Amino acid sequence: MRLSRYFLPVLKENPAEAQIVSHRYMLRAGMIKQQAAGIYSWLPLGLKVLRRIEQIVHEEQQRAGHIPVLMPTMQPADLWRESGRYDDYGAEMLRIKDRHERDMLFGPTNEEMITDIFRAHVNSYKDLPLTLYQIQWKFRDEVRPRFGVMRGREFLMKDGYNFDLTKDDALHAYNRHMVSYLRTYERMGLTAIPMRAASGPIGGDNTHEFLVLASTGESEVFYDDRVTALKLGNREVDFDNRDEVLGVCNEFTSLYARTDETHDAALFEQIPEAHRRNARGIEVGQIFYFGTKYSEPMGATVVGPDGVRVPVHMGSHGIGVSRLLGAIIEASHDDKGIIWPEGVTPFDVGIVNLKQGDGATDAACEDIYKALKAKGLDPLYDDRDERAGAKFASMDLIGLPWRITVGPRGLANGVVELTSRRSGESEELSAEAAVDRIVHIYAAHR
RNA sequence: CGGAGCGUAGCGCAGCCUGGUAGCGCACCUGCUUCGGGAGCAGGGGGUCGGAGGUUCGAAUCCUCUCGCUCCGACCA
């Protein structure tokens, strides 16, 4: 993309309403625009990141064997009356009447609706296991939205639902989600620690939250810092292999890591002091096993091998997709702006033309731009008639992980400059070598 | 929902207390000079002061109501 033809309304000054760094930078980098409290338009740059995050979530869900669906944002109230949650949910559920005075609502979650789909079409244990998921907008009418997309009222969320014949099967689905989530967050450049969110009955955990460490996090967390060194990396996990999946879960949950809700001071004290950490975290996902809570009242049953009809065991699993933009920025920025991890960056590399209008410089930038595009990469070429300082400041703000700087001075020596946004380190090399390096870097992330 | 603030040009703000022709910086437009980290000079465009009532000769300014947004608390993916 040529910046002169793009829509990137960056702000030099901080908008007054933004309190935390991710909100400030998202507004300043022209990623979002607030339309009402907790409700945002996604401008081109923000939308690109949102789509990349969605794409990673889709890929990792499907790798784990989960199947995408799409349910409406508007739901009939009757489904919620069946589960009893229409009255329980409270004022956070946005209730609407249509022209026929029918009670509708803007879905805050989808357990009822997915259960309705399931019971309409699935009758036999032979159709299990089944995990359906969607990425869809939700609405929760928070009393006090704040922090930009971190706590909006309208938000994009991946919600998945597993249906299994037995509790054991459902717990495997739970474990499968944990592993796929670990991989999902890693691809986004995040360290998200699964933390026990509430103690289950004896011997069984039934919910974990995934937290990204950040000083602005809403949750206080306690953990053994050796947990942050654990990496899934490129290892291939067979999601149908229960022992293997369970092994990974044990690896990532055996060290102490809990939110303040489930914190156990006595257990915490057993961690060697050098590894004990008390910090704050942003919740970016949660997995639940809840058994027959919805299947029973709503009649989601299958006939088992023994001919007996039984309610299915379910769980639900969420990833806060739009919130992740905020979480990533909170975890990865400096005083000049955002620092995108390669996995989610809106553009792969920025090209800064230091002397727009100079024949040789323009030509060199064009060559680099076209070469990168020919390699399937997505460069942002700053071809505006701006001074070098303004271009650098914009690039630093929007946070592309790599920058190729092209100016007459370097070109006279046959070199351009390749700069890492993260480290700030620059290297002079030929244009061809710079392109090769970028290609090589991104090969590892695709 | 309890408490506290703020709404004046696209953004950030002053002016309000003590009523009297609506200002500053950035951004935007034109010209010249600049040109490797948010340039300089000169000129220019843009605002029914959130909205509605009221007081007054006169309201951004005082009073009442209302809408919106933000912050602290409770709540929360």
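If you're wondering where the values come from, they're calculated on a predicted model, not measured in any experiment. Order of the sequence lines fixes the chain letters, A, B, ..., with proteins taken first and strands second; residue numbering starts at 1 for each chain.
Across all strands shown, B/A27 remains unpaired; no Watson-Crick or G-U wobble contact has both distances below 3.5 Å. Across all strands shown, B/U33 is found opposite B/A39 as a Watson-Crick or G-U wobble partner, with both distances under 3.5 Å. Both distances falling under 3.5 Å, in either a Watson-Crick or a G-U wobble arrangement, occur for no nucleotide opposite B/C17. Nucleotide B/G2 forms a pair with B/C72, judged by Watson-Crick or G-U wobble geometry with both contacts under 3.5 Å. Look at B/G7: its Watson-Crick or wobble partner, with both distances under 3.5 angstrom, is B/C67. Across all strands shown, B/C49 forms no Watson-Crick or G-U wobble pair with both key distances under 3.5 Å.
Comparing B/U30 with B/G38, their P atoms sit 23 Å apart, to the nearest whole Å. When the P atom is used for both B/C16 and B/G50, the distance is 15 Å, rounded to whole Å.
Taken residue by residue, residues 32-41 of chain A places heavy atoms nearer than 4.0 Å to RNA chain B at A/Q34, A/A36, A/A37.
Between A/E60 and A/K158 there is no salt bridge, since no side-chain nitrogen of the basic residue lies less than 4.0 Å from a carboxylate oxygen of the acidic one.
Regarding contacts with the backbone of B/A39, a side-chain N or O of A/R387 is found under 4.0 angstrom from either OP1 or OP2. The side chain of A/K12 contributes an N or O atom lying less than 4.0 Å from OP1 or OP2 of B/A27.
Applying the 3.5 Å distance criterion, the base of B/G38 shares no donor-acceptor pair with the side chain of A/R384. The base of B/C76 sits within donor-acceptor range of the side chain of A/R151, with an N or O pair under 3.5 Å.
Among the protein residues, A/A393 comes within range of the nucleic acid bases, having at least one heavy atom under 4.0 Å from a base atom. Note on A/S322: nothing from the nucleic acid sits closer than 4.0 angstrom, heavy atoms only. Residue contacts shown for A/E13 include a base, since a base heavy atom lies under 4.0 Å away. Nucleic acid contact class of A/D159 (heavy atoms, under 4.0 Å, all strands): none. Within the 4.0 angstrom heavy-atom criterion, base atoms lie near A/G410. Counting any heavy atom pair closer than 4.0 Å across all strands shown, A/G318 reaches no nucleic acid atom. Within 4.0 Å (heavy atoms only), A/E386 reaches no atom of the nucleic acid at all. Within the nucleic acid shown, A/R153 has no heavy atom closer than 4.0 Å to any nucleic acid atom.
Shown here is A/E425, whose CD atom has no more than 12 heavy atoms of other residues, nucleotides or ligands within 6.0 Å.
The side-chain tip of A/R81 points at the ring of A/Y86 from less than 6.0 angstrom away and within 45° of straight on.
Comparing A/R409 and A/Q286 along RNA chain B, the residue whose closest nucleotide (by nearest heavy atom) sits nearer the 5' end is A/R409.
Aromatic ring centroids of A/Y256 and A/F222 lie 6.0 Å or more apart.
In plain terms, the two heavy atoms of A/S322 and A/V149 that are nearest each other are O-CG2, 3.5 Å.
Under a 3.5 Å cut-off, the side chain of A/Y442 and the backbone N or O of A/D348 do form a donor-acceptor pair.
Atom-to-atom, CD1 of A/I282 to C1' of B/C76 comes out at 14 Å; the value is rounded to the nearest Å.
Side-chain N/O atoms of A/H23 and A/R146 include no donor and acceptor closer than 3.5 Å.
Among the nucleotides B/C1, B/U70, B/C13, the one closest to any side-chain atom of A/Q19 is B/U70.
Of the residues A/Y6, A/W402, A/W340, the one that meets the ring-ring contact (aromatic ring centres under 6.0 Å, His included) test with A/F347 is A/Y6.
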